[in-house]
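The structure appears right after this line, and notes come after that.
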Protein chains: 2
Amino acid sequence: MRNNGEERDAALVQSVDRAVAILELLARNGEAGITEIAAELGVHKSSASRLVYTLRARELVEQNGERGPFRIGLGMLEFAGAVTGQLDCVRLGGPVCSTLAERLGETVNIAVLDGNRAVNVSQARGSSAVAAQNWVGRRTPLHATSSGKVLLAGESPESQERLLAGDLEPCAPRTITDPVRLRAVLRRTAEDGYATCIEELEPGLHAVAVPVFGAHGDVVAAISAAGPAYRLSQKRIPEIVDELRTASRDLSVRMGHPVS
Amino acid sequence: MRNNGEERDAALVQSVDRAVAILELLARNGEAGITEIAAELGVHKSSASRLVYTLRARELVEQNGERGPFRIGLGMLEFAGAVTGQLDCVRLGGPVCSTLAERLGETVNIAVLDGNRAVNVSQARGSSAVAAQNWVGRRTPLHATSSGKVLLAGESPESQERLLAGDLEPCAPRTITDPVRLRAVLRRTAEDGYATCIEELEPGLHAVAVPVFGAHGDVVAAISAAGPAYRLSQKRIPEIVDELRTASRDLSVRMGHPVS
DNA sequence: GCCCTCCGTTGCGTATTACGGAACACGGTG
DNA sequence: CACCGTGTTCCGTAATACGCAACGGAGGGC
């Protein structure tokens, strides 16, 4: 059991790669013991133990007392702070996000483009939080989210084609998988200044997003509101778009977008 | 140049330790190139290159294009989300923090105890943000911060002694370094229900903090407001404490603290 | 109270693995 | 065009991290 499935890139530093895999595992599962970690990575217990020991020494991993399962440690926040510190839209968007979430009563996210994915960099939960899950850090496909469509629509046609190279993976029954239809949707998104996502990412989940503009008038981020289908009905969309636009204008100005 | 200064724990996995050191370096400096990283860690360029390559493959590190300096990557947010997701006070405290920061116009932080340090887990900047720096993830000494004193005062006497074992390191001219005086301050903190920090951490920096209580009536976190000395004057303190208390009560209730 | 099981850690020998050295590409610059 | 400073690639070596097995502790069932 040398390779767990796929071929390992020889240029990677094995132990570092494994260490990161442990962190990802913990981020996914919340908690795990050494034995579980070792089994999951396909390495020996002793190896897993040593890796975890190293991570613990750096406080990237912690456990309740002296014994018991491990979880992501507080030391991680230092790095998270470094990320959010360099992203203006996080620093400035936090408050915007919170107030908007309160007004709408729905979960509000700010997402930016990262490679061919949309990454949620900030989140605020609405008062009526059902099954409140954490979306921060989640990478979602561009064609199956409202934020993704908005970010995509803000790119040049060439970028769009490049980012959409490859198949449009279906995430839910209603995901747009036809490139032709997606292009049409993106055109409308650019015209309307907002995008929706009606059960295209997860069944029962609706979302709406609007762009945030940077100093040069380009789309630097997207603000989205998401909620269960029964609450985020189609006829509420105009109202929500209005609220999102107000917040977006506010944020855009703070990011240096010339007032229109 | 095998050991860069201190003796290395043989049980540590060297490459993982170095990888984390790289991340810490980037978190501190913001950006760095391979050569700089290698020099800083005291390793060969090729080693640094490989470590960075591995981290980049996992998106913990990124660079602008194909070339140029490296910085902490967005992949980190996934882990940060995992941390904040498991900490109720972050999840629930975010909005509280934001609104309070807006009302006060000062930077507001939520901190929890981690070992013998106070870690800021959430932050919101006030409108009048001067030299707005990021405190999230920063570990501060307990005796030199308002949050630290509050957290400390909420511990049992035995814990207090244990946490304060060792010298009280001076951080600024006015840091409390006398154990006897610190004990007196902690007693007053417990009585008054708040603590101040008057240029004890950094010259020109004032702060006030109040405790947040958990389900069992214990102190689980501290909310603090910080600002420049000229603005956070002594006579504004009562007003700020009032605001902090309101927010703290709100947050405490949300965290399951029985309403008093 | 005892044993039994499960979990995580520690020593140890080995060969895999990551390291350091040097040469190599690639831009930017004078 | 040559030069400097990047970062990457190749290669041989030995340090290093790995797997194995035995150990020590906690908890649970009988």
Side-chain angles (χ1 to χ4, degrees), chain A residues 1-23 25-26 29-73, chain B residues 1-23 25-26 29-73:
Chain A
M1 196 184 280
R2 183 63 34 79
N3 301 327
N4 43 341
E6 61 262 65
E7 195 56 46
R8 194 174 76 80
D9 183 346
L12 288 172
V13 177
Q14 189 188 55
S15 34
V16 174
D17 198 51
R18 286 175 172 175
V20 179
I22 289 176
L23 292 175
L25 174 68
L26 292 178
N29 291 11
E31 281 190 344
I34 292 287
T35 311
E36 186 183 349
I37 293 172
E40 196 79 27
L41 297 202
V43 299
H44 197 268
K45 280 197 301 175
S46 66
S47 307
S49 176
R50 260 186 275 263
L51 290 169
V52 169
Y53 177 81
T54 307
L55 292 172
R56 192 179 49 177
R58 293 286 197 164
E59 314 213 49
L60 298 189
V61 149
E62 65 186 14
Q63 54 187 332
N64 269 324
E66 196 61 31
R67 195 162 302 278
F70 297 86
R71 50 171 196 276
I72 302 281
Chain B
M1 197 184 280
R2 182 64 33 79
N3 302 325
N4 42 342
E6 60 262 67
E7 195 55 45
R8 196 174 76 80
D9 183 347
L12 288 171
V13 177
Q14 189 186 55
S15 34
V16 174
D17 199 50
R18 285 176 172 175
V20 179
I22 289 176
L23 292 174
L25 174 68
L26 292 178
N29 290 11
E31 283 190 345
I34 292 287
T35 311
E36 186 183 349
I37 292 173
E40 195 80 26
L41 298 202
V43 299
H44 197 268
K45 279 197 303 177
S46 64
S47 307
S49 175
R50 257 188 286 259
L51 291 170
V52 170
Y53 176 81
T54 307
L55 292 172
R56 192 179 49 175
R58 293 286 196 164
E59 314 213 47
L60 298 190
V61 149
E62 65 186 15
Q63 55 187 332
N64 269 324
E66 197 62 32
R67 193 165 305 275
F70 296 86
R71 50 171 196 276
I72 302 280

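Reminder, nothing fancy here: chain letters follow the sequence lines and each chain counts from 1.
- In the set C:dG20, D:dG19, D:dA17, the nucleotide with an atom closest to the side chain of B:Gln14 is D:dA17.
- Within 4.0 Å of B:Ser46, counting heavy atoms only, lies at least one base atom of the nucleic acid.
- Here the C1' atom of nucleotide D:dA15 and the CG atom of B:Asp17 are 16 Å apart, to the nearest Å.
- Scanning both residues, B:Lys45 and B:Thr35, for their nearest heavy atoms gives CD-OG1, 4.0 Å.
- Contacts of B:Ala57 classified as side chain to side chain contact (heavy atoms under 4.5 Å, CB included), with partners at least two apart in sequence or in another chain: A:Leu12.
- The phosphate of C:dC6 (OP1 or OP2) has no side-chain N or O of A:Thr35 nearer than 4.0 angstrom.
- Distance CZ (B:Arg18) to P (C:dT17): 18 Å, rounded to an integer number of Å.
- Annotation: the terminal axes of the helix from C:dG1-D:dC30 to C:dG30-D:dC1 meet at 40°, where each axis is the rotation carrying the C1' atoms of four end pairs onto the next four (5 pairs per end, rounded to 10°).
- Scanning both residues, A:Ser15 and B:Val16, for their nearest heavy atoms gives O-CG2, 3.4 Å.
- Atom NE2 of A:His44 and atom C1' of C:dT17 are 18 Å apart (whole Å).
- Among residues two or more places apart in sequence or in another chain, the side-chain hydrogen bond (donor to acceptor under 3.5 Å, both in side chains) test is passed with A:Thr54 by none.
- Close to D:dG7, at under 4.0 Å from its OP1 or OP2, lies no side-chain N or O of B:Arg50.
- The side-chain hydrogen bond (donor to acceptor under 3.5 Å, both in side chains) test applied to B:Ser46 returns B:His44, not counting sequence neighbours.
- A:Leu12 places its CG atom 13 Å from the P atom of D:dT8, with the value rounded to the nearest Å.
- Taking every heavy atom of both residues into account, A:Arg18 and A:Leu41 meet most closely at O-CD1, 3.7 Å.
- Between A:Lys45 and A:Ser15, the one whose closest nucleotide on DNA chain C sits nearer the 5' end is A:Lys45.
- Taking for each of A:Val16 and A:Ala32 the nucleotide of DNA chain C with the nearest heavy atom, the 5'-most of the two is the partner of A:Ala32.
- Between the CD1 atom of A:Ile34 and the P atom of D:dG24 there is a distance of 20 Å, rounded to whole Å.
- Taking the salt bridge (Lys or Arg N to Asp or Glu O under 4.0 Å) definition, one finds that B:Arg71 meets it with B:Glu62, sequence neighbours left out.
- Across D:dG19, C:dT9, D:dT8, the shortest atom-to-atom separation from the side chain of A:Ser49 is found for C:dT9.
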